[in-house]
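Keep in mind that what you see is a predicted model, and the values were worked out from it rather than measured. The figures here come from the full heavy-atom set of this structure, side chains too, leaving out hydrogens, waters and symmetry mates. To find a chain, count down the sequence lines: A is the first, B the second, and so on, and within it residues start at 1.
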Amino acid sequence: MTAYLDAMVNLQWFFLLYFFIVNSSYLMLNVLAYIGMRRQLGGQIMENIPHAYTGFMPPVSVLVPAYNEATTIASSVRSQLQLTYHEYEVIVVNDGSADNTMEELKREFDLLPFPEAYWHKLPTQKVRGVWRSTRYPNLRVIDKDNGGKADALNAGINASRYPLFCAVDADSVLQRDSLQLIALPFVEDNRTIAVGGTIRVLNGCEVSGGFLGTVGMPRTMLPAMQIVEYLRAFLFGRLGWSELNAMLVISGAFGLFRKSAVIEAGGYRTDTVGEDMELVMRLHRVHRQRAIPYRIVYVPNPVCWTEVPESLGVLKNQRARWQRGLAESLTKNVGLLFCVRGGWAGWVAFPFNVVFEWLGPIIELSGYAFMILGFWYGAVSGHVFLAFSLVAVMLGVLQSTSALLLEEMSFHLYPEPRQVYTLFLISVIENFGYRQLVLIWRMQGLLQWMFGVRPKWGKMTRSGKWNDDRS
Amino acid sequence: MVYATLSEFLLKSVVWFSGGALALMVLLLLEILRLRLRLIARGRRDQALIKKWQPVLAEAVGGGNPDLPALDKEDLLQFLKMWNHLHESRRGTARKHLNILALRLGIMPLLPRLLHGKDTGKKLLAITTIGNLQAHDEWDTLLKICRDPDALLSWTAAHALFQINANAALHDLEADLTDRLDWPAAHIIALLAEAGTDEMYTGLANRAVEFANTGGPQGLAKLYRLLGILRAAPYQHVLPAIHSILLQTTDDETLAQCIKFLREAPDLEHVRRHVAHLNWVVRLQVAHALGRFGLPEDIPRLVLLLSDPVWWVRYRAAQSLVTLTHGDTNTLTQLRTQLKDKFALDMLTMVSAEKEKE
């Protein structure tokens, strides 16, 4: 009996300690994010004043990997062709789509075959042909055999002509000035090798002519909850880590990279489902191990809008895939962990991701199970059970509120006060079931990784409701 | 007993923790509310400001002498943003008229408070305004800010100094322009072009020679950036320095950067001798240069580069061949029939197709 009680006490302490460290870490990230945001806002006062150096920004290749994107591809490419940037090209990579993505592209953009001397810098699946638009000289389409998103991006890198490339999801809508804003860190500091922008939820918004018209809230709860999640992940998660040059993730939906650095690191890996995260971790590892000065930055203002899952099944697959991707990225780059020149990335961000993001679902679900079972069997008193549940909810809401505050301090993308109240309400509601559900899905992803599930394109059902151009 | 005590301790800690979190959350919510109310109020005030000042500024830009309404203290920042935006979107006399308007409004005495404050945003706005006003009064303060480690702040101050007096600024900041690697080259090029005195490039070109002589990772980093800046300079002001560097450098990147400058027949020999250079970066520039000012006898050299193992060298060689043959279809077809290397043939076909589409 004493041994049982000792074990219970030790477990209580373990979960309490874990709880304390994870929340303190998030608090620290919040503080860093506030510092970063204030600095960025300091410079924002000059934003409306025309800059003489705009014309000197490096040319960019926008890479759009597409697999079965017939519903949204034309609208998405049109939005990318209307960006305000002085010199850029758009390369759509059709990764052996089974639907009529390629036909849609040919019809919408008057594509003709082009005798491209394709450069095999990075190995990829067979390229069937290169097409060029007769209407838009800066648009090319690579048609290739199916090889996954990473393979499609590598093909795009091979075909790209410019020193920077911007990886964009085919279902995403960029704000007109986003390329200009995301490229700025490359002009301001030549050590910059990668920049991540902000991803926002497109569901509920209106898109017309390839551009975002009205920012709105989704009508259903599931995408609305993801708005709060995205705000948390980007506004304090990434901004906080970026302040320490230790951001380990740049979303595959919108990131700008120095091509030479990516090729030097070996391009995107095709044997992982988290190719975006894996690449960023590898860039950190390679540059740290070789002692090459570099910066990987997050800038909150270039915004890319993307459609998020509206059904539990699709969301479950997405979250499981992300977790599997995280596990793969961490294990493939374990050399960064506590490496001699690891800096904040190797000594803080990497271990943080291992303990709180990778193993987090196991510990947190065990914590929930412990509390429920302990309460059930009388090992945890009703008061303690309630108090713990309360503090968990409080801290969850606090994190979301803090992200809402950062949003309010900076961009006010949700213009109606009603939208802000709704988001706050959602940040309370999501603690009762949604967060726990996400934990379970992440756990499933972890198990899938452990049992080795083959990577493939994330199957995402697009509603495309936001797309006015379809009608 | 231990278990009961621990439970009590945990319970108390957790309750305190929850209380703290709740209090913080309420504070954050109040802050969100305050920011939202401020945003709404600011939106209304901005609208009123635009309504009040837009006609005045428009009349002033056109050279008129408008009646000036009073500038409310709380409108100063917004007004300065509007004024600077307009200032930097215009050229010539319109700028002078805007400066007269600002002086009539008594803007200048209000700026030191912003300049010496702690708010970086306000500081930036004050510096930009002083630069646009070309007001000499704060020269020493601006010079001090130029040495600030904050790249944006120091660069904005340097820009303002150049607007006030380009020659004096170049004298005071020459070393900073070449040594501060956190000042983006693109900004420096724009600034020097704006300052408009070509002679300043001679001094910078001499600094490049010094860096080439010094070498070392730091020296070379500065040299590469400086050579990038000098490419925007008038050719004759930098050519002697480039020749001097070309003759003595053993660094491939420096060599490649120097070849970029060459564009006249007497320099062809400098280019031709590197056709088979071991570093592809140099061969790339050779291919480019031969297209820029090569002669018909350079065609065999370009055909050789068309079979280079590096894609970019082949691409540039093909472009140069198309340029040298003036895109003549017959000559290019003849060249294609002679090519035995598949990669060379593919590249020439692609570049010819690109030219046709242009």
Side-chain angles (χ1 to χ4, degrees), chain A residues 5-6 8-9 12-13 16 20 23 38-39 41-46 48-58 114-121 132 134 137 158 161 187-190 379-381 383-384 387-388 390-391 393-395 397-398 401-402 404-405 407-409 412 417 420 424, chain B residues 2-3 6-7 10-11 13-15 17-18 21-22 24-25 28-29 31-32 35-36 39-40 77 81 84-85 87-89 119-125 128 151-152 156 159 181-182 184-187 189-191 193-194 225 311-312 314-315 318 343 346-351 353-354 357-358:
Chain A
L5 279 179
D6 279 352
M8 292 302 283
V9 169
Q12 279 192 47
W13 277 113
L16 187 70
F20 175 77
N23 283 292
R38 285 196 72 82
R39 198 172 39 78
L41 291 175
Q44 214 182 34
I45 203 164
M46 308 293 285
N48 293 327
I49 296 169
H51 293 289
Y53 56 82
T54 316
F56 297 106
M57 293 175 105
F114 182 73
E116 176 97 7
Y118 183 77
W119 184 11
H120 291 269
K121 279 170 280 190
R132 198 165 150 158
T134 49
N158 285 345
R161 303 274 171 87
V187 180
E188 287 169 350
D189 190 337
N190 57 13
V380 174
S381 74
H383 289 114
V384 170
F388 256 109
L390 181 72
V391 80
V393 170
M394 283 297 174
L395 289 171
V397 181
L398 183 65
T401 316
S402 163
L404 283 177
L405 175 63
E407 158 67 11
E408 196 58 33
M409 275 170 70
H412 328 284
V420 182
F424 174 70
Chain B
V2 173
Y3 163 63
L6 183 69
S7 276
L10 283 179
L11 194 63
S13 323
V14 162
V15 168
F17 212 54
S18 304
L22 180 68
L24 202 55
M25 194 173 72
L28 293 184
L29 275 174
E31 180 64 4
I32 290 175
L35 287 173
R36 184 47 67 121
L39 183 74
I40 294 167
L77 290 183
K81 274 175 151 181
N84 278 302
H85 185 269
H87 204 285
E88 304 217 355
S89 329
D119 188 315
T120 311
K122 290 178 184 171
K123 232 179 210 183
L124 284 168
L125 198 56
T128 309
L152 180 62
T156 311
H159 185 217
L181 295 176
D182 58 339
H187 295 210
I189 293 170
L191 181 130
E194 216 176 293
R225 195 185 63 144
W311 190 93
W312 274 108
R314 295 203 299 275
Y315 183 55
F343 291 105
D346 284 353
M347 187 56 81
L348 196 57
T349 309
M350 180 183 94
V351 172
E354 271 183 357
K357 294 228 186 295
E358 270 172 14

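There is no contact between A:P137 and chain B, counting heavy-atom distances below 4.5 Å. Looking at A:Y118, only its backbone comes within 4.5 Å of chain B, counting heavy atoms on both sides. Contact of B:F343 with chain A is not made at all, since no heavy-atom distance falls under 4.5 Å. Interface residue A:V420: only side-chain heavy atoms are found under 4.5 Å from chain B.
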Requested in this report: For the pair B:L35 and B:L39, evaluate side chain to side chain contact (heavy atoms under 4.5 Å, CB included) and give the outcome as yes or no after the intermediate values.
Outcome: CA-CA 6 Å; B:L35 287 173; B:L39 183 74; over 6 Å; no

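Rounded to the nearest 0.5 angstrom, A:M409 CE and A:S402 OG are separated by 9.5 Å.
Between chain A and the residues B:R314, B:R36, B:M25, the most heavy-atom pairs under 4.5 angstrom are made by B:R36. Looking only at heavy-atom pairs under 4.5 Å with chain A, the residue among B:L29, B:L22, B:D346 that has the most is B:L29.
Between B:I32 and A:T401, the closest side-chain pair of non-hydrogen atoms falls below 4.5 Å.
Taking the six-membered ring for Trp and thresholds of 30 and 60 degrees, B:F17 and A:F20 have ring planes inclined between 30 and 60 degrees apart.
Using a distance-only test at 3.5 Å, with no hydrogens or angles considered, no donor-acceptor pair links the side chain of A:N158 to the main chain of A:H120.
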